[in-house]
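Below, each value reflects all heavy atoms present in this structure, side chains not excepted, and no hydrogens, waters or symmetry copies.
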Amino acid sequence: MSTTDDDPRHVFLSAGDVLRRYGWGKTRGYQNLKDREMIPPPVVRHPDRWRLDQLMAWEERQLKLAEATLNAREPAGSRSNITDLLPQPKRRRRPA
């Protein structure tokens, strides 16, 4: 059974939440958040909030683009890891 709290359409992320989700540092992360070609615009202004379902749809589009790029680069016999084509986080998280 699903509640509205489980529905990504009703989950709003702050800028800090988005930075943590993608492993971005503050400087690069805030630059990425302002770049409308990089990430979808926030749905709520002052304070900025991003809807989780829109970010998930954007992630799916990014994965499809990366996969298409990978397929165009590599011959059918040799496959690289698709995550190699995605933007890498600036820093690694410390273990808890």
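Side chain of W58 to backbone of M38: a donor-acceptor contact under 3.5 angstrom is found. The backbone N or O of S14 lies less than 3.5 Å from a partner atom in the side chain of D17, making a donor-acceptor pair. In this structure a side-chain-to-backbone donor-acceptor pair under 3.5 Å is missing from R49 to H46.
By the neighbour-count criterion of 12 heavy atoms within 6.0 Å, atom CZ of R36 is densely surrounded, having more than that number from other residues, nucleotides or ligands.
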Practice item. Test I39 against V18 for side-chain contact (heavy atoms from CB on, under 4.5 Å), laying out the working first. Key: CA-CA 10 Å; I39 194 164; V18 176; 3.9 Å; yes

Check your understanding: Please walk me through it: do L52 and R21 pass side-chain contact (heavy atoms from CB on, under 4.5 Å)?
Key -> CA-CA 10 Å; L52 181 57; R21 182 175 180 87; 3.6 Å; yes

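In this structure, W50 has its ring center no closer than 6.0 Å to that of Y22.
Between L33 and L19, the closest side-chain pair of non-hydrogen atoms falls below 4.5 Å.
For the atom pair CG (L13) and CG (D48), the distance works out to 12.0 Å, reported to the nearest 0.5 Å. Rounded to the nearest 0.5 Å, atoms CZ (R51) and NE2 (H10) are 8.0 Å apart. Summarising the geometry, atom CD belonging to Q62 is positioned 11.0 Å from atom CG belonging to L55; distances are rounded to the nearest 0.5 Å. Atom OH of residue Y30 and atom CG of residue D35 lie 16.0 Å apart, to the nearest 0.5 angstrom.
The two atoms that bring Q54 and P40 nearest to each other are O-CG, 4.2 Å, heavy atoms only.
With sequence neighbours excluded, no residue forms a salt bridge (Lys or Arg N to Asp or Glu O under 4.0 Å) with R61.
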